[in-house]
Amino acid sequence: MSTVAVTDVLVVGAGPTGLTLACDLARRGVGVRVIERFDAPSITSRGKGLQPRSLEIFDDLGVADEILTRGAIRIPVRMITADGTVTDRGPITVPAPDPTATPYRETLWIAEFDVEGPLRDRLALDGVPVEFGTRAVGLEQGDDHVTVAVESPRGPETIRARWVVGADGGRSTIRRALQVPFEGFTVEELWYLGDVRLEGLDHGRQYILPTASGALGLTPLPTTDLWQWQSMITPGDDAPEEPSLQLYQRLLDEHLGAGRVVLTEATWLSLYRANVRLAARYRAGRVLLAGDAAHAHTPAGGQGMNTGVQDAFNLAWKLDAVLAGAGESLLDSYEQERRPVAAAVLASSTAKIRKFETNAVHGVDGVNKGFEGMGADTSGLSIAYPDSPLSLDGIRAERAPYATGLRGAGFAGSTFDLFRGPHWTVLLFSDDSADAELLTGLPADVHVHRIGSGAIQDAQGQAAERFRAAPGTIVLVRPDGYLAARIPATRSEWLRKHLGSLVS
Ligand SMILES: Cc1cc2nc3c(=O)[nH]c(=O)nc-3n(C[C@H](O)[C@H](O)[C@H](O)COP(=O)(O)OP(=O)(O)OC[C@H]3O[C@@H](n4cnc5c(N)ncnc54)[C@H](O)[C@@H]3O)c2cc1C
């Protein structure tokens, strides 16, 4: 029998995108349900590179420490050619250039299941369980709600939600139900993927075997004795063998010689062809798309999961504000800001995989050439929303900088310590305590801090420099850590008006 359950936001899909979104919504006190078609948490590694900006987001959500314990940085690479020549090289990840610009400079190697676990635990602390074995099969939009048909062990049900987010991956049921075109193409080259256990390699290294068909990569998955397997299939081979442990063993034996490395088990095997696609729209009525449901790209540069996590962080506070009474146009800014980011990621990751596939067939030098530039501009730290409708006075919505050495008024820490949480933040750079009067009466979820004498001291001047804030400047930082205003303190009424339209 069909039952109707009601919630503010229904998140469809408990991958990294859906879980990040649900965590941010739940800590805000928004009623949220998360449904997942699989019966149990995923055990496949898939995305395995977590970038600095995503780690900053996880810091804000209180899960970064746990996630860091499950990953590894700067894994060195060993290449072994068919004639047995061993060449060692440094990691393929590239740290963010300025060591002081972020607390998380390095790309973290981590299996996707080890990102999802801490997010699920965080969500459970807020009393939101992931509803496994529950598949969305259709939806119907009403004036002030959406009704989603689901199938679960209890039988068919409907869930009525004020907003629905399709975070249900590349083959998104929600996107299809909305008939939103997923524009782009499917890459011709095929790859074998998998998670395997093996004997004969050092789990502290990543191995690349330059083969005739391209490259075979084995990446250690830090919290386990598993390795992620990625191997290119000979270009033009349209009917490759089905993936199996025996086949993967044969590929290894052909390259290294029989028995040198022994595969003992596979927990995931897959034949993979990347898609390069972008949803024509991110919003249709009361339904939004996020993560791979909105954009699919090649794994090159490690961007897919990261882009989804960052989508979620952009969207959660907007949904919260609209549920609390802010104008719905705030939700349109989600597509305006995030779709161009995905388009840029699509272009760069496609160029990177092409370069890798073209070069990797030419031995060690080719593989090295293929990796050139792979880690360039992947940190996510320079992502900005230059045309954001949420910016006051034409300011570029760039990531609010990390600055350390702040101390005073009972506080010691960094700007990120001031931003951490679901609130907006106003920084008033002024030595005149009377200026604080200009900022009275702002909404309760705006935290105001004066930086100057008699308040929080910016002893090294790092905050003032990085925020480009002369004395007498107000800076407004959004809940997702992007700049929304930099104006003279004497114009604080602009701020009041601007916030009035964004914070209900
Ligand atoms: C080999 C490989 C390497 C990669 N490396 C990286 C990397 O280094 N860095 C990176 O950032 N990305 C990487 N990616 C990409 C990354 O895996 C994806 O971008 C990421 O999984 C997207 O997360 P998501 O939450 O949007 O979607 P998904 O992880 O696909 O999650 C969607 C969830 O929705 C569920 N679902 C689907 N349909 C329904 C339904 N109808 N009802 C309920 N639930 C449903 C699915 O079961 C799934 O759990 C890699 C991918 C591959 C294949």
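Treat the numbers as computed from the prediction; the structure is a model and nothing was measured. Both counts, for ligands and for their atoms, begin at 1 and track the order of listing.
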Item to check | Identity and separation of the nearest protein heavy atom to atom 10 (C) of ligand 1 | outcome: Met305 N, 3.2 Å

Item to check | Identity and separation of the nearest protein heavy atom to atom 43 (C) of ligand 1 | outcome: Arg37 N, 3.3 Å

Next on the checklist: Checking Thr219 against Gln206: is there a side-chain donor and acceptor pair closer than 3.5 Å?
Outcome noted: yes

Item to check | Flag, side chain of Arg53 to backbone of Gln310, donor-acceptor distance under 3.5 Å | outcome: no

Checklist entry - Which of these, Gly15, Pro16, Gly291, has its nearest heavy atom closest to atom 23 (O) of ligand 1? => result Pro16

Item to check | Any donor-acceptor N/O pair, Arg37 side chain to Ala136 backbone, under 3.5 Å | outcome: no

Item to check | atom 5 (N) of ligand 1: nearest protein contact (heavy atom, Å) | outcome: Gly47 CA, 3.3 Å

Item to check | For atom 49 (O) of ligand 1, the protein heavy atom that lies nearest, with its residue and separation | outcome: Glu36 OE1, 2.6 Å

Checklist entry - Any side-chain donor paired with an acceptor under 3.5 Å for Trp229 and Ser231? => result yes

Checklist entry - Applying a 4.0 Å heavy-atom criterion (strictly less than), which segment of Val12 is in contact with ligand 1: side chain, backbone, both, or neither? => result side chain

Next on the checklist: Could you check whether Glu199 and Thr264, counting side-chain N and O atoms only, form a donor-acceptor pair closer than 3.5 Å?
Outcome noted: no

Item to check | Protein contact to atom 17 (O) of ligand 1 [nearest heavy atom, distance to 0.1 Å] | outcome: Glu112 OE1, 2.7 Å

Item to check | Between Ser45 and Gln228: side-chain donor-acceptor atoms closer than 3.5 Å | outcome: yes

Next on the checklist: The test is side chain to side chain donor-acceptor pair (under 3.5 Å); show your working for Ser388 and Glu337 and say whether it passes.
Outcome noted: CA-CA 6 Å; Ser388 174; Glu337 294 184 340; 2.6 Å; yes

Checklist entry - Can you tell which part of Thr173 has a heavy atom less than 4.0 Å from ligand 1: side chain, backbone, both or neither? => result side chain

Checklist entry - Can any side-chain N or O of Ser213 pair as donor or acceptor with the backbone N or O of Met232 at less than 3.5 Å? => result yes

Checklist outcome for this item: If you scan protein heavy atoms around atom 42 (N) of ligand 1, the nearest is Ala136 N, 2.9 Å

Item to check | Atoms of ligand 1, numbered as shown, that sit under 4.0 Å from any heavy atom of Gly304 | outcome: 10 (C), 11 (O), 12 (N), 19 (O)

Checklist entry - If you count the atoms of ligand 1 from 1 in the order shown, which ones are under 4.0 Å from a heavy atom of Gly169? => result 27 (O), 30 (O), 32 (C)

